[in-house]
S.K.: 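Structure incoming, see below.
Residues: numbered from 1 along the sequence shown. Atoms considered below: every heavy atom in the structure, side chains included; atoms not considered: hydrogens, waters and symmetry mates.
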Amino acid sequence: MDPQTTRTKKGKAAVKADEAKVDLTAVVVAVNDSEPCVLTVGHADTLPSGPFALEHRSLQSGLRGWVEQQTGHALGYIEQLYTFADRDRIGTERHQRVISISYLALTRKEQATNSAACGWQSWYEYFPWEDHRFGTPPVLLDRLRPRLIEWAGGASEPTTQRERRQRAAIAFGFDDRHWNEELTLQRYELLYEAALIEEAGGGRDAIAAAAGKPMVADHRRILATGIARLRSKIKYRPVVFELMRPSFTLLQLQRTVEALAGRLINKPNFRRLVEQQDLVEETGETSLDTGGRPAKLYRFRHAVLDDRAIAGTKLPLARA
């Protein structure tokens, strides 16, 4: 029997060990001064990652080990994000398929050990069209929209032209459609398909048209997946508190949610819903860092801390 061939106990199809390489990739998110940041390593825009080795006890332990080794940062909350195994994810060796198992990690920036080998980057540097807190981004109106319309019209068949135009309108909120902040991955993949970003081989013209910093390999696609997951999750799970300091004002909590969602929230509705669901409790102290009247400080309720998967917990995302 070929020593490089392994079989499952159930006798499933054989898989050669040298045909695939498994990488572990981390999207480590923090919010700093109302800016959502992602942890990168090296001089390039690269997410922390490394191969899954036999000495790793589990996938999670392997991921935690690589992140700590590369950044000096010990991970707290993590969850598996997605497994990327597309055929075009080819490794450095010929005929080797790269399988990347990605994870989403939430932390606070001050918890990280300072290291010259890593840094925190605003995720809007990679996705400038995703930040709608100050209105529709100019890059979306002035650069992306006309190029996407041109791409849609460049299809040879009228049916394909209509399909492309509709997909762009739904993803990017064209033609008076509603902007859905959760479609981050769909928007990135549409730009990739239209060759408007550097990772798709578009070159300098693509960078000028779509803006946003490129990342190594398909790391920007992995980051887009993490953003979409987190934007969806904060609506029904209290994971946002993983990003908060032990005590905070309600305005700081609101600004954190707005930073992640890339859009503004109605202040009265936000506060009412947070209070109605008993997510927080007063600490009895106040903050003087508000630039005005002292603001009450709150903390995440211990009852919720004991059950972070509390059903029905959500934070409102309504336009101001």
Side-chain angles (χ1 to χ4, degrees), residues 25-41 44-48 81 102 104-109 112 118-145 147-148 168 171-174 178-192 194 196-200 202 206-216 218-235 239-240 242-244 252-265 315 317 319-320:
T25 306
V27 177
V28 185
V29 175
V31 176
N32 181 46
D33 296 330
S34 299
E35 198 65 26
C37 300
V38 62
L39 190 60
T40 60
V41 297
D45 293 286
T46 308
L47 299 175
L81 187 59
S102 58
L104 174 66
L106 306 181
T107 188
R108 294 195 298 274
K109 186 177 178 181
C118 66
W120 292 95
Q121 308 293 331
S122 169
W123 74 29
Y124 292 126
E125 291 185 18
Y126 306 104
F127 303 93
W129 56 86
E130 292 291 334
D131 190 0
H132 287 239
R133 290 174 292 176
F134 313 103
T136 303
V139 65
L140 182 57
L141 294 176
D142 301 338
R143 297 182 179 181
L144 293 181
R145 190 176 190 277
R147 292 298 298 275
L148 284 168
F172 288 91
F174 298 155
H178 173 69
W179 172 264
N180 186 343
E181 67 277 355
E182 295 180 27
L183 300 182
T184 308
L185 179 60
Q186 288 89 329
R187 284 187 282 271
Y188 173 78
E189 292 188 331
L190 193 62
L191 292 174
Y192 188 97
L196 294 178
I197 52 178
E198 185 177 7
E199 291 96 321
I207 299 174
K213 296 171 61 178
M215 300 189 81
V216 168
D218 59 353
H219 282 201
R220 191 151 56 144
R221 182 187 180 197
I222 295 174
L223 176 55
T225 306
I227 295 173
R229 168 74 66 84
L230 187 52
R231 283 180 167 183
S232 173
K233 199 162 187 116
I234 59 176
K235 297 179 182 179
V239 294
V240 66
E242 301 287 349
L243 304 168
M244 303 300 298
Q252 289 171 339
L253 178 60
Q254 178 180 336
R255 292 289 183 256
T256 298
V257 176
E258 289 176 336
L260 298 173
R263 54 186 290 187
L264 298 180
I265 303 172
L315 297 176
L317 286 173
R319 296 193 182 281

S.K.: Is the shortest heavy-atom distance from the side chain of Tyr124 to the side chain of Arg133 under 4.5 Å?
M.R.: yes

S.K.: Can you name the residues that form a side-chain hydrogen bond (donor to acceptor under 3.5 Å, both in side chains) with Gln186, not counting sequence neighbours?
M.R.: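 side-chain hydrogen bond (donor to acceptor under 3.5 Å, both in side chains) list for Gln186, sorted by chain: empty.
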
S.K.: Does any non-hydrogen side-chain atom of Val27 lie less than 4.5 Å from one of Leu104?
M.R.: yes

S.K.: Answer whether the closest heavy-atom distance between the side chains of Trp129 and Leu191 falls below 4.5 Å.
M.R.: yes

S.K.: What are the two closest non-hydrogen atoms of Leu260 and Pro36, and how far apart are they?
M.R.: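 Shortest heavy-atom separation between Leu260 and Pro36 comes out as CD2-CB, 4.2 Å.
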
S.K.: Tell me which one of Arg231, Lys235, Arg187 satisfies salt bridge (Lys or Arg N to Asp or Glu O under 4.0 Å) with Glu182.
M.R.: Lys235

S.K.: Are Phe172 and Arg145 side-chain neighbours, meaning at least one heavy-atom pair lies under 4.5 Å?
M.R.: no

S.K.: In the structure I gave you, are the side-chain heavy atoms of Ile222 and His219 within less than 4.5 Å of one another anywhere?
M.R.: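 In contact.
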
S.K.: If I take atom CD from residue Glu125 and atom OG1 from residue Thr40, how far apart are they, to the nearest 0.5 angstrom?
M.R.: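 Those atoms lie 9.0 Å apart.
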
S.K.: Measure the CD1-CD distance between Ile197 and Glu189 for me, rounded to the nearest 0.5 Å.
M.R.: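 Answer for the CD1-CD pair, Ile197 versus Glu189, is 9.5 Å.
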
S.K.: Gln121: which residues meet the side-chain hydrogen bond (donor to acceptor under 3.5 Å, both in side chains) condition with it, sequence neighbours left out?
M.R.: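 Gln121: no side-chain hydrogen bond (donor to acceptor under 3.5 Å, both in side chains) contacts found.
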
S.K.: Tell me, do Glu199 and Asp218 make a side-chain contact under 4.5 Å, heavy atoms counted?
M.R.: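 No, every pair of side-chain atoms sits at 4.5 Å or beyond.
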
S.K.: Would you please name every residue forming a side-chain hydrogen bond (donor to acceptor under 3.5 Å, both in side chains) with Asp45, sequence neighbours left out?
M.R.: Tyr126, Lys213

